[in-house]
Amino acid sequence: EDPVTHTDPRLYIKVFPNPATRILFVESRRNVAKPIFYQLYDITGRLMLTGDSIKDKFEINVERLTPGVYSLKLYNGRDIGLMTEKIIIH
């Protein structure tokens, strides 16, 4: 069993800084199944950025995005949703 499905994912994944201006960092524990896939949506639900990483710590470049509120969705390597986080871009 994947422990992330039974525990608060914030214990396993950190997203910072929030608010962000240029770079958003995503950190996960080693036991989180990789790759981690991300999708960043704007306030209207439009997909703005997508990608994945096999690393425990990776960056998402957000400097080209219009300032505002976004929703970051993270999935693990088994297609299980890990977390959805409200992100503010300055």
Side-chain angles (χ1 to χ4, degrees):
E1 288 278 332
D2 187 342
V4 172
T5 61
H6 303 292
T7 311
D8 185 344
R10 283 171 187 74
L11 299 175
Y12 294 89
I13 297 178
K14 281 195 318 194
V15 178
F16 62 95
N18 191 7
T21 50
R22 297 188 334 199
I23 301 291
L24 200 56
F25 295 96
V26 179
E27 269 186 31
S28 66
R29 287 197 181 161
R30 271 192 201 122
N31 61 349
V32 174
K34 306 292 188 300
I36 292 177
F37 299 91
Y38 66 85
Q39 297 171 335
L40 190 70
Y41 295 88
D42 70 8
I43 198 86
T44 67
R46 190 173 41 155
L47 181 63
M48 303 302 290
L49 292 173
T50 186
D52 63 85
S53 178
I54 58 169
K55 297 181 178 179
D56 291 335
K57 182 176 181 179
F58 63 93
E59 301 175 2
I60 302 171
N61 186 327
V62 295
E63 68 182 335
R64 291 189 176 170
L65 295 178
T66 305
V69 178
Y70 293 82
S71 179
L72 178 67
K73 294 186 179 185
L74 300 174
Y75 302 87
N76 73 10
R78 299 186 186 125
D79 243 2
I80 296 172
L82 297 176
M83 69 187 296
T84 300
E85 189 85 10
K86 184 170 88 170
I87 303 294
I88 297 169
I89 307 293
H90 279 276

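Counting only heavy atoms from C-beta outward, the side chains of Ile23 and Asn61 approach each other to under 4.5 Å. Under the 4.5 Å side-chain criterion, counting only non-hydrogen atoms from C-beta, Leu40 is in contact with Val62. Within the 4.5 Å cutoff, side-chain heavy atoms of Leu49 are placed close to those of Leu65. Using a 4.5 Å heavy-atom threshold, the side chains of Asn31 and Tyr12 count as touching. With contacts defined as side-chain heavy-atom distances shorter than 4.5 Å, the pair Tyr41/Met48 does not qualify. Taking 4.5 Å as the limit, some side-chain heavy atom of Ile87 sits within range of a side-chain heavy atom of Leu24. In this structure the side chain of His90 never reaches within 4.5 angstrom of the side chain of Pro67, judged on heavy atoms. Residues Val26 and Leu74 form a side-chain contact, since some pair of their non-hydrogen atoms from C-beta on lies under 4.5 Å apart.
With Thr84 contributing its side chain and Leu72 its backbone, the two residues share no donor-acceptor pair below 3.5 Å.
There is no path of hydrophobic side-chain contacts, each under 4.5 Å, that joins Ile13 to Tyr75.
The OH atom of Tyr70 sits 13.0 Å away from the CG atom of Asn18 when rounded to the nearest 0.5 Å. If you take CZ on Arg22 and CD1 on Ile60, they are separated by 15.5 Å, rounding to the nearest 0.5 Å. Rounding to the nearest 0.5 angstrom, the gap separating the CD1 atom in Ile43 from the NZ atom in Lys86 is 7.5 Å. To the nearest 0.5 Å, atoms NZ (Lys57) and CZ (Phe25) are separated by 6.0 Å.
A cation-pi arrangement is found for Lys14 relative to Phe16, the charged atom lying closer than 6.0 Å to the ring centre and inside a 45° cone about the ring normal.
When the shell of 6.0 Å around CG of Leu47 is examined, it contains more than 12 heavy atoms from other residues, nucleotides or ligands.
The two atoms that bring Asn76 and Phe37 nearest to each other are O-CD1, 3.8 Å, heavy atoms only.
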TODO: Evaluate side-chain contact (heavy atoms from CB on, under 4.5 Å) for Leu82 paired with Val32, printing each intermediate quantity in order.
DONE: CA-CA 9 Å; Leu82 297 176; Val32 174; 3.9 Å; yes
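Side chains of Lys34 and Ser28: a donor on one and an acceptor on the other come within 3.5 Å.
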